[in-house]
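Heads up: the structure comes next, in structure tokens.
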Amino acid sequence: MLFTPHRIGRLDLPNRIVMPPMTRSRAGRGEVATELMAQYYAQRAGAGLIVSEGTQISRQGQGYAWTPGIHTPEQIAGWRRVTDAVHAAGGRIFAQLWHVGRVSHVALQDGGAAPVSSSALVAEGVKVFVDIEGRGPEAGVGEMVQHSAPRALRADEIPAIVADYAQATRNALAAGFDGIELHGANGYLINQFIDSQANARDDEYGGSLPNRLRFLREVAQAVSDAIGPDRVGVRLAPLTTLQGAVDDTPQATYLAAAKILDEIGVAYLHIAEADWDDAPGMPVAFREALRLIYRGTLIYSGKYTKARAEDALARGWADLIGFGRPFIANPDLPHRLQHDLPLNEGDRTRYFGGGSEGYTDYPRAA
């Protein structure tokens, strides 16, 4: 087993720290992972688990400039450099598989095609990062623009996308990843099928809750069949409303999703909590219900501090805790947290695109 079930015992805090997926837009031409990316991830191999940045399963699945893919031989080879570097440093890394759905732009799609979604609905104000001038990732110059209007997927097109997820899973294994995480959160394609206000379908993929969860079930089953459920995680954002994905009964919806994933037997659920300044807290009753329904490993991410992490672990809500932005500026974050050392501040102006500055040049603690 790649993950110890929560009921078997506890590990020390450094081993409980996850580096969650964070888009950094540093991929090279052809959306290929680079040597610089290998250095970045290897620097952070002290995490109990690294989950890669979102990695598109197809050209259609891309929503932002300079994000890496895992659907061409060159992309697989690029990721192999990353996984080899992480493993040489003693780390473990899963690939987060990503299809953005409507959160894309015609400039990123083959032939200027419209993005696809569960439904032909625009999330007003939801923007994507596009290299309008075509200057490439090294320049780090892009623009945030409103996502393009999507078209609704026909039911007969959906099996091909499920197959893309399964092939991307096999590609991830070929690239040396230890497993994969499905991105089912933050308003992307899987989330666009799940949430009631993003899904206006009236076929077998829309309307009732079981229908809206059908796509999640099919994708999770397909990737589990490809490499085994013990190498599969799923990221969900149960009570957030990011990028226009809103559900009318989120607690009922996501507890039902958790039940499906428990039945499939995936290794972990990665729960993305709201992390903005005045975000509402996740109700204790929901956390407890999730623990009862889903019997595997639970990871929580979302503006956690060391104190919050230790409290969540002690209460039994979580088995692992993801620390996102702190990992950007602190490649040795587990060591710093263990020894209560001060943290570096990240340079937000260099989060997306560019070279080593603000990426691989943050100092480790003395």
Side-chain angles (χ1 to χ4, degrees), residues 23 25-34 53-79 95-172 183 186-193 198-201 203 205 215 218-219 222 243-245 352-353:
T23 297
S25 293
R26 291 312 203 279
R29 300 287 178 179
E31 291 73 56
V32 173
T34 65
E53 61 208 272
T55 302
Q56 55 261 10
I57 63 171
S58 63
R59 177 71 185 276
Q60 184 192 68
Q62 184 173 5
Y64 305 87
W66 319 322
T67 55
I70 196 160
H71 53 91
T72 71
E74 295 78 14
Q75 291 167 356
I76 294 169
W79 276 119
Q96 191 191 61
L97 302 186
W98 195 21
H99 191 307
V100 301
R102 70 184 177 187
V103 188
S104 186
H105 192 273
V106 293
L108 295 166
Q109 297 290 313
D110 274 334
V116 299
S117 183
S118 62
S119 307
L121 300 173
V122 173
E124 295 293 346
V126 173
K127 296 184 177 183
V128 296
F129 186 68
V130 179
D131 184 4
I132 297 292
E133 299 178 6
R135 296 174 61 181
E138 299 82 5
V141 178
E143 183 179 347
M144 296 294 292
V145 299
Q146 168 69 40
H147 82 81
S148 299
R151 67 172 181 85
L153 283 162
R154 301 189 313 271
D156 64 356
E157 294 178 291
I158 292 174
I161 295 179
V162 175
D164 284 343
Y165 274 104
Q167 185 58 53
T169 298
R170 290 187 285 270
N171 292 349
H183 198 339
N186 297 0
Y188 298 118
L189 184 61
I190 292 174
N191 204 176
Q192 291 160 30
F193 275 90
N199 186 337
R201 303 178 72 95
D203 62 3
Y205 290 94
F215 184 62
E218 290 179 352
V219 173
Q243 303 195 119
F352 306 107

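His147 places a side-chain N or O within 3.5 Å of a backbone atom of Ala123 that can act as its donor or acceptor partner. The backbone N or O of Gly187 sits nowhere less than 3.5 Å from a side-chain atom of Gln243 that would complete a donor-acceptor pair. The backbone N or O of Thr72 lies less than 3.5 Å from a partner atom in the side chain of Gln75, making a donor-acceptor pair. In this structure, the side chain of Ser118 does not engage the main chain of Ala200 through any donor-acceptor pair within 3.5 Å. When atom types are taken as modelled, the side chain of Arg26 and the backbone of Gly353 share a donor-acceptor pair closer than 3.5 angstrom. Remark: the backbone N or O of Gly69 is paired with a side-chain donor or acceptor of Trp79 at under 3.5 angstrom. Judged by distance alone, with hydrogens and angles left aside, the side-chain atoms of Thr55 form a donor-acceptor pair with the main-chain N or O of Glu53 at under 3.5 Å. Between the side chain of Glu31 and the main chain of Arg59, no donor-acceptor pair closer than 3.5 Å is present.
The minimum heavy-atom distance linking Ser117 with Arg201 is given by the pair O-NH1, 4.4 Å. Scanning both residues, Gly244 and Ala198, for their nearest heavy atoms gives O-CB, 4.4 Å. The two residues Ala149 and Pro115 make their nearest non-hydrogen contact at O-CD, 3.6 Å. The two atoms that bring Gln56 and Gln62 nearest to each other are NE2-CD, 3.4 Å, heavy atoms only.
Here Thr169 pairs with Leu97, Ile180, Val223, Ala226, Ile227 under the side-chain contact (heavy atoms from CB on, under 4.5 Å) rule; sequence neighbours left out. Qualifying side-chain contact (heavy atoms from CB on, under 4.5 Å) partners for Gln109, counting only residues two or more places apart in sequence or in other chains: Gln60, Ser104, Ala113.
One finds the CE atom of Met144 at 7.5 Å from the NZ atom of Lys127 (value rounded to the nearest 0.5 Å). The CD1 atom of Ile158 lies 6.5 Å from the CG atom of Asp203; values are rounded to the nearest 0.5 Å. Going from atom CD1 of Ile57 over to atom CD1 of Ile161 covers 7.0 Å, rounded to the nearest 0.5 Å.
Between Val162 and Tyr165 the shortest side-chain heavy-atom distance does not fall below 4.5 Å. Taking 4.5 Å as the limit, some side-chain heavy atom of Arg102 sits within range of a side-chain heavy atom of Leu121. The side-chain heavy atoms of Pro150 and Val122, taken from C-beta on, include a pair separated by under 4.5 Å. Looking at Phe129 and Leu108, their side chains never come closer than 4.5 Å, going by heavy atoms from C-beta outward. A 4.5 Å side-chain heavy-atom check between Trp98 and Thr23 finds at least one atom pair inside the cut-off. When side chains are defined from C-beta on, Asn191 does not count as touching Asn186, because their heavy atoms never get closer than 4.5 Å. Using a 4.5 Å heavy-atom threshold, the side chains of Val103 and Gln192 count as touching. For the pair His99/Ser58, a side-chain contact is recorded, criterion being any heavy-atom separation below 4.5 Å from C-beta on.
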- prompt: Given Thr67 and Ser25, is the side-chain contact (heavy atoms from CB on, under 4.5 Å) satisfied, shown in steps?
  reply: CA-CA 5 Å; Thr67 55; Ser25 293; 4.2 Å; yes
- request: Any chance you could lay out the side-chain hydrogen bond (donor to acceptor under 3.5 Å, both in side chains) test for Tyr205 and Glu218, step after step, and finish with the verdict?
  value: CA-CA 11 Å; Tyr205 290 94; Glu218 290 179 352; 2.8 Å; yes
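For the side chain to side chain contact (heavy atoms under 4.5 Å, CB included) criterion with Glu143, the lone passing option out of Asp131, Val130, Val128, Ile132 is Ile132.
At a threshold of 4.0 Å, the pair Glu157-Arg151 counts as salt-bridged, since one of the basic side-chain nitrogens sits closer than that to a carboxylate oxygen.
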